[in-house]
There are 4 protein chains.
Amino acid sequence: MVDPQDNGRPRSRRLPRAVRERQILDAAVEVFGTRGFHTASMDEISEVAGISKPMLYAYLGAKDELFVACIRREATRLIEAISVAVETGLSPAEQLWRGLRVFFEYVQRNQAGWAVLHRQANVQGEPFVTELAESQERATAVIAVLLAQATEGSAQPMQPEQTEPFAAALVGAGEALVEWWFHHPAHTADGMAMRLMNMVWMGFGDLVEGRSWTPGS
Amino acid sequence: MVDPQDNGRPRSRRLPRAVRERQILDAAVEVFGTRGFHTASMDEISEVAGISKPMLYAYLGAKDELFVACIRREATRLIEAISVAVETGLSPAEQLWRGLRVFFEYVQRNQAGWAVLHRQANVQGEPFVTELAESQERATAVIAVLLAQATEGSAQPMQPEQTEPFAAALVGAGEALVEWWFHHPAHTADGMAMRLMNMVWMGFGDLVEGRSWTPGS
Amino acid sequence: MVDPQDNGRPRSRRLPRAVRERQILDAAVEVFGTRGFHTASMDEISEVAGISKPMLYAYLGAKDELFVACIRREATRLIEAISVAVETGLSPAEQLWRGLRVFFEYVQRNQAGWAVLHRQANVQGEPFVTELAESQERATAVIAVLLAQATEGSAQPMQPEQTEPFAAALVGAGEALVEWWFHHPAHTADGMAMRLMNMVWMGFGDLVEGRSWTPGS
Amino acid sequence: MVDPQDNGRPRSRRLPRAVRERQILDAAVEVFGTRGFHTASMDEISEVAGISKPMLYAYLGAKDELFVACIRREATRLIEAISVAVETGLSPAEQLWRGLRVFFEYVQRNQAGWAVLHRQANVQGEPFVTELAESQERATAVIAVLLAQATEGSAQPMQPEQTEPFAAALVGAGEALVEWWFHHPAHTADGMAMRLMNMVWMGFGDLVEGRSWTPGS
DNA sequence: GATGAATGAGGATTCATTCAT
DNA sequence: TATGAATGAATCCTCATTCAT
């Protein structure tokens, strides 16, 4: 017989509010990331968090709201990591390269968070889609700005109407590559970043001709 | 008073099996595409299909299986459309261009099908994820072959290990662009295809320099 | 061990819709009447009705709606019984007397229904109060009309503004007497009706003087 | 941001027990009166009272007990007010008239208390119904005594078995009139009292004939 | 004395799925 | 074949009540 409450973490009592909230969010990200929004049950989340359901509701509200809170936290973390890596005065290519590396590193270190962010969040018909779209747009916007800056000095600077879809496509390509990565886990984060950098920067036309991008070039 | 069963389609009886199955699949794609897998109810699907629930189960099995059937049908349709557009003896760039055009046209004409394929299918924790991955891999494989052919004659032909992730990234970029398209519906399918073609073929490096790709070039 | 499903009524299956609805309403009135709206549980109602909860919901909707349905049915029954007894061409006193008799007879035969109607329904803060008030007003209106007719030919015919509160007070007195009756069950329905008739028709002033009302006077 | 605990009343500490209890009862009557017994939550009561829940329980016990305490206090207040108005050596009609006036005035000044007393208290299935009945009987008894005294000198003095149901009916009529009053708030307390006095004292038979009761007659 | 933190227990509701006709 | 009728099993959520500080 195994105590179903015993999940390895000590079920410490009387914690201050802030700590509990983090505990809960951690558990929620883990469960949502593994099971998906619908399949996840508040019961399981509360068990993993080591608290009772009433506390779950008291601290972070209903299931929707909890999920939104997860998304917000993870999105913020990812976006900030990328922003930090990027906001220097380097060349556009270098900036992009750094951003991509940070991105793959984040995903590697934080798979559940990534799943929450990407795989569970695209489901239609939910009350939180609107809330979610915002986070995704914020993410795309960071990239779009990066692209805009890259062309600023060039002959044909890109307009937002061009950078925006480009950024969206870049994010989509990144997401897809992550998915592929899950099925081929032997590769390193850097290796993945380099792959994407090459595609994005050089384009297939150049790659076909044997020209490729390398760090420092 | 309106008969809730009356959805305009005649509730004809004694149809041959194949027709019934198509009817059902059409309804299922519509409902799954609109509501998402979990939020969709077998009740609604049977209503939209114009048959009773026991028939639904008799013809296409449980909810999972029905969803898988939807995915399979839509994936097959899309892949075939692309394959047809591509399997001629044209230049790689031209092949890719045609493939992309067909892709965006398909999505435009068949939004529910696309939603089933892309947005609802990425949910984890379901018994059908494995089944689903297969379809997605098939789609990616078509592109990968295309890319492999493109480099066949070049100095550094790409190996599957290279083309495959590239294809995945391309598909991901396409999906993301479609999403962006939904929010900016003024653009044409051709315009979207051209956008993606430029990114993929020229790469950002070239675009920054003012070089871009145009059909026929 | 007793089978909790076995409530004496055969759990017959496959009944036509109309029959089931009556079965359910009967059970609901019984349980609501005994326990009160809040204390009653849908579980118990479904058990008493001999069906499963999903059917309960399918047929009569959520708890609120079910309760409203109960009230409506019981109110209609009572009002109709009284209306029938009253709508002849008799003298006002005779009409009133008949109405009262029918009222107490109804309550005697249908205690649960009466409890639903009167005791459970006055609770504030519920979503169905509005729906309920309507039934109560309908009941009062029947009496008010009766009173209005009684004074039609007199020197000072009563206006609605006078008959309405009077009718309300009469109904209230009736309700209170029923409550008292529950604690003194030895009395007959006719006896109770006579009591109320005397109070209402003669008034305390006359009673004090030794004048009272008797049928046929 | 507003402190949810801040309801205007200073959350003073260390008050003597009696004061605290009054504070709590005031809050409880307010909340029970507005929301009803079941819909009211101990949380809200403690908030309105400006104390923490453990204190609430320490002072006045569980929810049932608290509710009973509310009823007892309000019933006592009302009964005392009426008793005072009535216990003089006036004529029966005058006594009744004064009692009714006090009754409607009390209700007007103390609506929440009245709601607790009348509208929330009739719910069955609760452990406190017995406790409650006692209060209601006390109230009725006051009236019954009044009626008994009125007939003491007459030819046919009423026995308790007659006065008691009459008193109950009178109370019921009063309650119903109050309800009607809530929907027609333009009327004054005196006007309402006069209405009821007329019905009760003269009876419908006299009223129909154009005879009515007026103060001082 | 006073309270923020915590929970056991239970209720409403829905849905995929399957008989019995 | 075709379906109206039926349900087991879960899930979300709330509330009265009580520790531990």
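Protein chains get the first letters and strands the later ones, always in sequence-line order, with residue 1 at the start of each.
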>> I'd like to check the side-chain contact (heavy atoms from CB on, under 4.5 Å) partners of D:Arg72; sequence neighbours left out, ordered by chain and number.
In response: D:Val68, D:Glu131, D:Glu134, D:Ser135
> Taking only residues two or more places apart in sequence or in another chain, which ones pass salt bridge (Lys or Arg N to Asp or Glu O under 4.0 Å) with C:Glu21?
Replying inline: C:Arg17
> Can you give one letter per nucleotide of nucleotides 14-19 of chain F, 5' to 3': B if a protein heavy atom sits under 4.0 Å from the base, S if only from the sugar-phosphate, - if neither?
Replying inline: BBSBBB
> Where is the tightest heavy-atom contact between B:His38 and B:Lys63, given as atom of each residue plus distance?
Replying inline: O-NZ, 3.4 Å
>> Taking side-chain contact (heavy atoms from CB on, under 4.5 Å) as the definition, give me every residue that meets it alongside C:Ala40, ordered by chain and number, with sequence neighbours left out.
In response: C:Val31, C:Phe32, C:Arg35
> D:Leu66 and D:Tyr59: side chain to side chain contact (heavy atoms under 4.5 Å, CB included), yes or no, with the steps?
Replying inline: CA-CA 9 Å; D:Leu66 177 55; D:Tyr59 276 109; over 6 Å; no
> Hey, what do you get for CD1 (D:Ile51) to CD1 (D:Ile24), rounding to the nearest 0.5 Å?
Replying inline: 3.5 Å
> Could you state the interatomic distance from OG1 (B:Thr34) to CD (B:Glu44), rounded to the nearest 0.5 Å?
Replying inline: 7.5 Å
> Where each pair must be Watson-Crick or G-U wobble with both distances under 3.5 Å, what dot-bracket representation of DNA chain E is obtained, with crossing pairs in [ ] and other-strand partners as |?
Replying inline: .||||||||||||||||||||
>> Measure CG/D:Leu56 against P/E:dG1 and give the value in whole Å, please.
In response: 15 Å
> Could you state the CZ-C1' distance from A:Arg35 to F:dA10, rounded to the nearest angstrom?
Replying inline: 14 Å
>> Within this structure, what is the CD-CG distance for the pair C:Gln23 and C:Leu56, rounded to the nearest 0.5 Å?
In response: 11.5 Å
> Which value, rounded to the nearest 0.5 Å, describes the distance between C:Ile45 atom CD1 and C:Asp26 atom CG?
Replying inline: 12.0 Å
>> Does a side-chain N or O of C:Arg20 approach OP1 or OP2 of F:dA6 to a distance below 4.0 Å, or not?
In response: yes
>> Nearest whole Å is fine: how far is F:dG8 P from C:Met55 CE?
In response: 12 Å
> Atom CG of A:Leu15 to atom C1' of E:dT7: distance rounded to whole Å?
Replying inline: 15 Å
> In whole angstrom, what separates A:Phe67's CZ from F:dC12's C1'?
Replying inline: 16 Å
>> Output the rounded distance in Å from CD (C:Glu47) to C1' (E:dG10).
In response: 14 Å
>> Given E:dA6, E:dT7, F:dA6, identify the nucleotide with an atom nearest to the side chain of A:Ser52.
In response: E:dT7
>> What is the distance, to the nearest angstrom, from the CD1 atom on A:Ile51 to the P atom on E:dA5?
In response: 13 Å
